[in-house]
Student: 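Dropping the structure in here first, questions after.
Since the structure is predicted, the reported quantities are computational estimates derived from the model, not experimental observations. Lettering follows sequence order; numbering is per chain, from 1.
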Amino acid sequence: HITEDSPKLLQHVKFHSSNFENILTWESGPDGTPDTVYSVEYKTYGEREWLAKMGCQRITRKSCNLTMETGNLTELYYARITAIDPGGRSATKMTDRFSSLQHTTIKPPDVTCVPRVRSIQMIIHPIPIPIHAGDGHQLTLEEIFHDLFYRLELRVNHTYQMHLGGKQREYEFFGLTPDTEYLGTIMILVPTWSKESSPYVCGVKTLSDRTWT
Amino acid sequence: DTAAFLPAPQNLSVHSTNMKHLLTWSPVILPGETVYYFVEYQGEYESLYMSHIWIPSSWCSPTEGPECDVTDDITATVPYNLRVSATLGSQSSAWSTLKHPFNRNSTILTPPRMEVTKDGFHLVIEVEDLGPQFEFLVAYWRREPGAKEHIKEVRSGGSPVLLETMQPGVTYCVRAQTRVKAIRRYSAFSQVECVEVQGESLPL
Amino acid sequence: EFRFGSCRVEGVVLPELWEAFQAMKHTVQAQDNVTSVRLLKQEVLQNVSDTESCYLIHALLKFYLNTVFKNYHKKIVEFKILKSFSTLANNFLAIMSKLQPSQENETFSISESAHRRFLLFRGAFKQLDIEAALTKAFGEVDILLTWMEKFYQL
């Protein structure tokens with residue numbers, strides 16, 4: 001027999017979202033014990049039914065991947081967790097209303113920095129995300145955020161840096177000195193959503209100039 | 001009792017430059033006393049739909065000086081009413097209200113201060129940092145007949161940006177203007193600054 | 001700027017609206033216990049043509065300014081979120097005052113379609129008790145902003 005009388009079994013129920021991978025996490029409350037089991041349900045905001053998340057029923061770990069279940073960008077969602085301790089006491093807690101468009105953070109881009117004699121090329125690779133379009137193809141961040149752009153900086157020395165930026169994926173910093181260390185940082189920005197990834201950093205040295213040897 | 005009648009502050013006016021809005025008024029002077037002031041604002045919505053609602057200013061409720069930076073309170077491009085009341089102890093004066101509502105699209109935009117330097121063959125510019133609402137359009141060209149003007153968008157000031165790798169013996173000129181999206185306006189262009197780099201030509 | 005079909009609106013920075021709403025979102029949405037009802041449903045906002053969008057946003061903003069914001073204001077004062085509310089309301093007013101949906105005959109059917117969408121929204125609003133409806137509508141401003149973002153260019 002389960003009694004709903006112990007709210008301290010469970011706390012901090014929330015979504016963490018990064019590049020649209022949506023993970024539900026929670027913590028054991030002050031009354032929680034290692035044997036407490038947790039069951040996860042989720043629902044679409046505006047719908048009546050709560051749906052049980054297969055694979056996250058009566059688990060002891062404190063996270064559950066709800067990426068597939070919360071993948072429609074035009075919907076908002078709730079999740080709730082019921083904790084039951086060995087003594088039969090239980091607690092149920094719900095998340096805030098969740099929208100992956102609003103909440104997701106952007107991971108650093110995946111970049112290849114290619115040194116040459118007097119330039120450095122930077123190639124940004126597309127990052128597939130776990131969201132599929134109507135026709136089934138896997139979306140990229142650029143397809144979701146129409147004002148997404150890349151900002152690239154090359155620190156030339158301690159005083160200034162070179163700036164490049166735009167929507168394309170290939171860039172090249174010219175006019176560099178051969179056989180010299182440079183520090184490149186590349187970020188993803190989505191201005192209308194005030195989203196900014198942390199930077200991908202590459203330290204790279206231009207090649208030596210062998211033309212006169 | 002000097003405080004029996006506390007006069008309301010007079011001569012309210014707003015001085016706005018580069019999206020910094022400063023409300024000023026004539027101080028209420030009572031010898032030997034420190035007078036404080038409360039500033040409140042209402043946007044067009046409040047004045048149209050709930051005119052009794054006034055919102056305390058972020059930084060001047062209360063304040064001691066006869067001025068108040070209301071930049072953080074003016075957060076939409078609509079007319080705002082502003083009012084000030086003087087207080088001394090438990091006494092408060094009547095409210096004095098700005099004669100004409102203030103709209104941030106009337107701010108004065110000045111050409112940006114900039115520093116054009118060269119580092120080796122690199123043409124470098126640093127534009128003053130005017131805050132997050134400002135972007136800069138930087139125009140640069142080679143001072144020679146028929147030279148083409150290049151435009152570079154600089155999203156924020158306060159850090160040096162490389163514009164071009166220069167050819168020796170050629171003079172490069174630069175000018176810049178500010179752009180404020182929130183009010184869709186531009187400043188005038190700055191003075192032109194030119195630099196030239198001496199020395200041997202770069203091996204291609 | 002916003003481009004709702006032929007309606008253009010300048011002088012509003014969408015991230016500033018988001019920032020204002022995010023400051024109120026948790027407080028307001030936590031008051032909405034009716035998780036099984038959504039006012040701005042898919043049928044209201046999905047597949048809206050550019051031409052139709054100006055009529056729809058005008059009707060929605062007018063409703064929010066005249067009904068939702070006006071009648072929810074006591075709660076705003078109670079929750080001490082007056083500044084953020086003022087930013088949102090005044091920017092909505094700035095947008096609405098610049099919208100001029102065309103009144104020509106050939107766009108009558110389009111405006112009718114937009115009006116049906118709006119009536120769907122208002123109908124759902126009226127089915128709830130007024131306090132619950134005001135709380136829910138205010139809590140759904142993020143759904144409205146998400147839809148408006150499609151018509152926005154920095």
Student: Can you tell me if NE2 on C/His115 sees more than 12 non-hydrogen neighbours from other groups inside 6.0 Å?
Tutor: no
Student: Between C/Leu14 and A/Trp193, is any pair of side-chain heavy atoms under 4.5 Å apart?
Tutor: no
Student: Are side-chain N/O atoms of C/Gln153 and A/His146 paired as donor and acceptor at under 3.5 Å?
Tutor: no
Student: What's the shortest heavy-atom distance between C/Pro15 and A/Ser194, and which atoms?
Tutor: CB-OG, 3.5 Å
Student: Counting only heavy atoms closer than 4.5 Å, note whether A/Thr192 contacts chain C via side chain, backbone, both or neither.
Tutor: both
Student: Answer yes or no: are there more than 12 heavy-atom neighbours, outside C/Glu16 itself, under 6.0 Å from its atom CD?
Tutor: yes
Student: Side chains of C/Glu140 and A/Arg97, heavy atoms from C-beta outward: is any pair under 4.5 Å?
Tutor: yes
Student: So which residue, C/Asp32, C/Leu39, C/Leu45, ends up with the most heavy-atom pairs under 4.5 Å with chain A?
Tutor: C/Asp32
Student: Crowded around A/Arg61 CZ? As in, over 12 foreign heavy atoms under 6.0 Å?
Tutor: yes
Student: Of all the residues in residues 71-78 of chain A, which have a heavy atom that comes within less than 4.5 Å of a heavy atom in chain C?
Tutor: A/Thr74, A/Glu75, A/Leu76, A/Tyr78
Student: Can you tell me which of C/Gln22, C/His26, C/Gln46, C/Glu149 forms the most heavy-atom pairs within a distance under 4.5 Å of chain A?
Tutor: C/Glu149
Student: Please say whether more than 12 non-hydrogen atoms of neighbouring residues, nucleotides or ligands are located less than 6.0 Å from NZ in C/Lys70.
Tutor: no
Student: So for A/Gln102, is it side chain, backbone, both, or neither that comes closer than 4.5 Å to the heavy atoms of chain C?
Tutor: side chain
Student: Charged N to carboxylate O under 4.0 angstrom, C/Lys25 versus A/Asp96?
Tutor: no
Student: Looking at C/Lys80, I'd like to know if its NZ atom is crowded, meaning that more than 12 non-hydrogen atoms belonging to other residues, nucleotides or ligands lie closer than 6.0 Å.
Tutor: no
Student: Could you tell me which of C/Gln42, C/Lys41, C/Lys136, C/Lys150 has the largest number of non-hydrogen atom pairs under 4.5 Å with chain A?
Tutor: C/Gln42
Student: Pick out which of A/Lys43, A/Glu47, A/Glu49 makes a side chain to side chain contact (heavy atoms under 4.5 Å, CB included) with C/Ser36.
Tutor: A/Lys43
Student: If I measure from the heavy atoms of chain A, does C/Val34 come under 4.5 Å with its side chain, its backbone, both, or neither?
Tutor: backbone
Student: Give the intermediate values and the outcome of side chain to side chain contact (heavy atoms under 4.5 Å, CB included) for residues C/Val37 and A/Tyr45.
Tutor: CA-CA 7 Å; C/Val37 172; A/Tyr45 172 55; over 6 Å; no
